[in-house]
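The structure displayed is predicted, hence computed values, not measured ones.
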Amino acid sequence: MKFVAKSVLAAALLGTSLSAASAETFRWAEATDPQTMDPHAVNSAPVLGFLNNVYEGLVRRNKDMKIEAALAESWEPLGTDGWRFNLRKGVTYHDGSEFNAEDVLFSYQRASSEEADVRSWFAPISDVVVQDDYTIDFMTSAPNPLFPDSIANFMIMDKGWTESNDAAQPAKDAENYATRNANGTGAFTLASRDPGVRTTLTPFEGWWGEMESNITEAVFTPIGEASTGMAALLSGEIDFIAPIPLQDVPRMKQTDGFTVHEGVEARVLMFGFNHDSDALKYSDETTDKNPFDDVRVRKAIYQAIDVDALTSRIMRGTAEPVAQLVSKEMKGFSTGLTERLPFDVEGAKALLAEAGYPDGFSFGLMCPNDRYINDEALCQATASMLAKIGVTAKLSAMPVRNYWPELREDNYDMYLLGWSPGTFDAEHPLRFLASTPNAEKKLGSWNFSGYSNARVDELLPMIQTEIDPDKRQAMIDEAHKILQDEVAYVPMYVQPLIWATKDNISLTQRTDNFFILRWVTVN
């Protein structure tokens with residue numbers, strides 16, 4: 001749904017007993033509700049970020065985004081053949097079951113299955129071998145120095161609990177028991193779940209780690225309507241909201257009792273094209289051609305979008321334009337490929353005429369309206385810019401819960417996507433967004449557009465296995481140059497992080513936009 005109505009919001013928050021709530025009750029809101037509690041079903045930040053509070057992986061990222069031990073106490077390479085993980089002993093799940101290597105093997109099999117949305121994480125894996133209850137080997141088809149970094153969000157499920165509840169396979173586009181229930185080893189347990197309305201977490205008394213938080217109950221409410229969320233924060237109904245409207249930042253900075261937390265997210269906003277359809281699906285013209293098959297048309301779209309205007313007006317100066325699928329903070333960023341194509345309306349018109357579309361064309365532009373900061377406004381502004389070159393973008397904006405299924409069904413001509421590399425490495429978007437989709441090889445799982453380039457496909461495994469940093473960077477540079485030359489996507493800008501809290505809340509803002517409750521204190 002687009003937003004939680006004020007009456008529904010009030011009902012959802014009522015259960016926290018606002019007037020009598022203890023100081024340790026923490027209430028927070030974000031624009032997007034995680035669509036599932038299954039850690040292997042949906043590979044999206046709202047799901048993975050939320051579930052990092054409930055489930056855990058073999059490794060995790062600390063406050064500075066560095067990899068550290070979690071359910072694995074240590075790990076080491078097996079020469080060039082794979083990685084051995086030495087598991088933590090004495091860990092229990094929320095229901096009291098003991099954690100061991102069989103759970104890791106089961107979770108791998110589940111997360112790498114055809115039904116899993118995270119299966120691309122395991123493309124390099126050739127076999128997984130349990131050595132004993134607390135030692136497990138992940139064998140790779142080639143040397144893979146990135147593997148430990150690549151599985152920071154690979155969450156481990158209890159084999160017995162999952163199988164006994166008929167949830168042995170993820171339910172990506174349907175539901176099973178794991179969709180609304182959870183049994184992890186993390187710092188917080190799932191106390192209740194009412195999708196789209198209210199989700200409550202409570203601390204896990206048996207957690208093995210060191211809890212920095214003093215909260216005794218965490219109540220999450222999705223609020224898609226920005227004004228409703230701000231009203232809830234200012235009235236004291238919630239303690240935290242993310243993001244806040246950019247136009248409200250100056251006012252909030254001047255408002256006593258509140259703090260604005262600002263940062264830069266590792267997320268690049270981009271437009272993608274439908275590369276592999278024979279014709280447009282939402283054009284007013286009758287044609288058997290797909291203009292987006294022509295690189296000149298894609299380049300015209302790119303040059304018709306004034307990214308500087310988008311960042312200054314829509315994003316109010318908080319976003320930084322980019323020319324690649326990763327930001328400059330990511331490992332593998334190509335320092336020699338930082339220049340965007342110039343904004344050039346007349347040049348774009350000339351390209352369209354050269355491609356055989358002197359009068360333009362119409363097409364369907366799909367966008368979410370509750371996933372990224374000002375996402376619908378961004379798409380509306382883009383549609384207006386494209387109209388100046390004679391191209392009519394028929395905008396369809398919808399909640400992200402409906403948006404991903406539409407993209408997976410190819411119900412679009414052009415679409416908006418934001419991508420934050422889970423490994424903080426340029427290899428990540430190449431694997432997920434630029435590799436030819438291949439279910440058997442677990443590649444291109446978020447390459448909705450069907451973009452395909454044989455050289456990019458050839459480069460990816462070499463990038464994944466190359467240890468020499470200079471040679472590796474040269475290959476990444478080549479891949480980035482191909483994506484730029486072919487205008488595989490239209491990268492636009494890096495999204496900011498804009499959070500707001502009451503003054504009595506202490507927290508950590510990570511650049512992946514994951515909100516980690518174990519670092520939250522109510523003062």
Side-chain angles (χ1 to χ4, degrees), residues 37-40 43 45 47-77 82-112 118 121-122 125 128 130-138 144-159 161-162 182-190 201 203-213 420-425 428 508 510-520:
M37 295 290 101
D38 188 328
H40 306 148
N43 181 16
V47 171
L48 299 179
F50 189 93
L51 291 181
N52 258 263
N53 294 298
V54 178
Y55 286 98
E56 294 177 296
L58 299 177
V59 299
R60 67 187 184 192
R61 294 194 181 276
N62 64 17
K63 295 178 181 180
D64 298 318
M65 297 303 297
K66 304 297 184 185
I67 290 294
E68 65 179 16
L71 293 181
E73 288 186 314
S74 63
W75 53 95
E76 61 267 354
W83 290 85
R84 171 163 293 173
F85 291 86
N86 305 300
L87 306 183
R88 191 177 300 276
K89 298 178 182 178
V91 174
T92 61
Y93 290 93
H94 297 157
D95 69 351
S97 302
E98 293 186 4
F99 157 76
N100 60 34
E102 288 298 328
D103 297 322
V104 179
L105 175 61
F106 167 77
S107 296
Y108 160 74
Q109 293 168 338
R110 189 178 191 273
S112 63
V118 300
W121 295 346
F122 305 100
I125 299 303
V128 176
V130 173
Q131 298 295 341
D132 57 45
D133 281 351
Y134 296 99
T135 310
I136 189 165
D137 297 340
F138 282 76
N144 195 292
L146 284 177
F147 183 68
D149 285 65
S150 74
I151 58 168
N153 292 317
F154 165 43
M155 300 179 213
I156 307 303
M157 301 181 74
D158 176 28
K159 181 176 186 291
W161 179 86
T162 310
N183 182 37
T185 61
F188 286 81
T189 66
L190 180 63
L201 304 179
F204 176 37
E205 298 298 331
W207 188 47
W208 59 269
E210 181 180 348
M211 179 74 80
E212 296 181 27
S213 173
S420 177
T423 58
F424 272 53
D425 190 286
H428 194 269
T508 295
R510 270 192 352 192
T511 54
D512 59 359
N513 201 20
F514 283 14
F515 186 59
I516 307 300
L517 285 170
R518 70 176 186 273
W519 297 328
V520 175

- Message: If I take atom CZ from residue Phe424 and atom CZ from residue Arg61, how far apart are they, to the nearest 0.5 angstrom?
- Response: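 So the gap between those two atoms works out to 6.5 Å.
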- Would you please test His428 and Asp149 for side chain to side chain contact (heavy atoms under 4.5 Å, CB included) and show each step? CA-CA 11 Å; His428 194 269; Asp149 285 65; over 6 Å; no
Less than 4.5 Å apart, side chain to side chain, heavy atoms only: is that true for [X] and [Y]?
| X | Y | answer |
| --- | --- | --- |
| Tyr108 | Ile136 | no |
| Arg518 | Glu212 | no |
| Ile151 | Phe138 | no |

- Message: Using a 3.5 Å distance criterion without hydrogens, assess whether the side chain of Ser150 forms a donor-acceptor pair with backbone atoms of Phe147.
- Response: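 Yes, the answer is positive, given that a donor and an acceptor are paired below the 3.5 Å cut-off.
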- Task: Output yes when a side-chain donor or acceptor of Arg110 lies under 3.5 Å from a complementary backbone atom of Lys159, and no otherwise.
- Result: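 Side chain of Arg110 to backbone of Lys159, a donor-acceptor pair under 3.5 Å: no, none is there.
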Nearest atoms (heavy-atom pairs only) where [X] meets [Y]:
| X | Y | result |
| --- | --- | --- |
| His94 | Gly186 | NE2-O, 3.0 Å |
| Trp519 | Thr508 | CE3-CB, 3.7 Å |
| Ala101 | Asp132 | CB-O, 3.4 Å |

Which pairs would a plain distance check flag for residues 65-74, meaning a side-chain donor or acceptor within less than 3.5 Å of a matching protein atom at least two apart in sequence or in another chain?
{"unit_1": "Glu68", "atom_1": "OE2", "unit_2": "Arg60", "atom_2": "NE", "d": "2.7"}
{"unit_1": "Glu68", "atom_1": "OE2", "unit_2": "Arg60", "atom_2": "NH2", "d": "3.2"}
{"unit_1": "Ser74", "atom_1": "OG", "unit_2": "Asn86", "atom_2": "ND2", "d": "2.9"}

- Message: Is the distance from the ring center of Phe154 to that of Phe122 below 6.0 Å?
- Response: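 So the answer is yes for these two rings.
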[X]: partners by side chain to side chain donor-acceptor pair (under 3.5 Å), with sequence neighbours left out:
| X | answer |
| --- | --- |
| Asp64 | none |
| Asp512 | Arg510 |
| Gln131 | Asp137 |
| Lys89 | none |

- Item | Whether over 12 other heavy atoms sit under 6.0 Å from Glu210 CD |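 Open.
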- Should Leu87 and Asn100 be marked as a side chain to side chain contact (heavy atoms under 4.5 Å, CB included) after you check the CA-CA gap, both sets of side-chain angles, and the distance that decides it? CA-CA 7 Å; Leu87 306 183; Asn100 60 34; 5.8 Å; no
- Message: Go through it in stages, so that I can follow the logic: the residues are Trp83 and Leu58, the test is side chain to side chain contact (heavy atoms under 4.5 Å, CB included), and I'd like the CA-CA distance, side-chain angles, deciding distance and then a yes or no.
- Response: CA-CA 12 Å; Trp83 290 85; Leu58 299 177; over 6 Å; no
Hey, can you pull the donor-acceptor pairs under 3.5 Å for the side chains in residues 49-57, sequence neighbours left out?
{"unit_1": "Asn52", "atom_1": "ND2", "unit_2": "Leu48", "atom_2": "O", "d": "2.8"}
{"unit_1": "Asn52", "atom_1": "ND2", "unit_2": "Asn153", "atom_2": "OD1", "d": "3.2"}
{"unit_1": "Asn53", "atom_1": "OD1", "unit_2": "Leu517", "atom_2": "N", "d": "2.8"}
{"unit_1": "Asn53", "atom_1": "ND2", "unit_2": "Phe50", "atom_2": "O", "d": "3.1"}
{"unit_1": "Asn53", "atom_1": "ND2", "unit_2": "Phe515", "atom_2": "O", "d": "3.1"}
{"unit_1": "Tyr55", "atom_1": "OH", "unit_2": "Asn183", "atom_2": "N", "d": "3.2"}
{"unit_1": "Glu56", "atom_1": "OE1", "unit_2": "Thr185", "atom_2": "OG1", "d": "2.6"}
{"unit_1": "Glu56", "atom_1": "OE1", "unit_2": "Trp208", "atom_2": "NE1", "d": "3.0"}
{"unit_1": "Glu56", "atom_1": "OE2", "unit_2": "Trp207", "atom_2": "NE1", "d": "3.0"}
{"unit_1": "Glu56", "atom_1": "OE2", "unit_2": "Trp208", "atom_2": "NE1", "d": "3.3"}

- Item | Candidate pair Trp161 and Asp95, rule side chain to side chain contact (heavy atoms under 4.5 Å, CB included), full reasoning | CA-CA 9 Å; Trp161 179 86; Asp95 69 351; 3.9 Å; yes
- Residue of the set Asp158, Ile156, Thr92 for which side-chain contact (heavy atoms from CB on, under 4.5 Å) holds with Phe99: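 For Phe99, the side-chain contact (heavy atoms from CB on, under 4.5 Å) test succeeds with only one of Asp158, Ile156, Thr92, which is Ile156.
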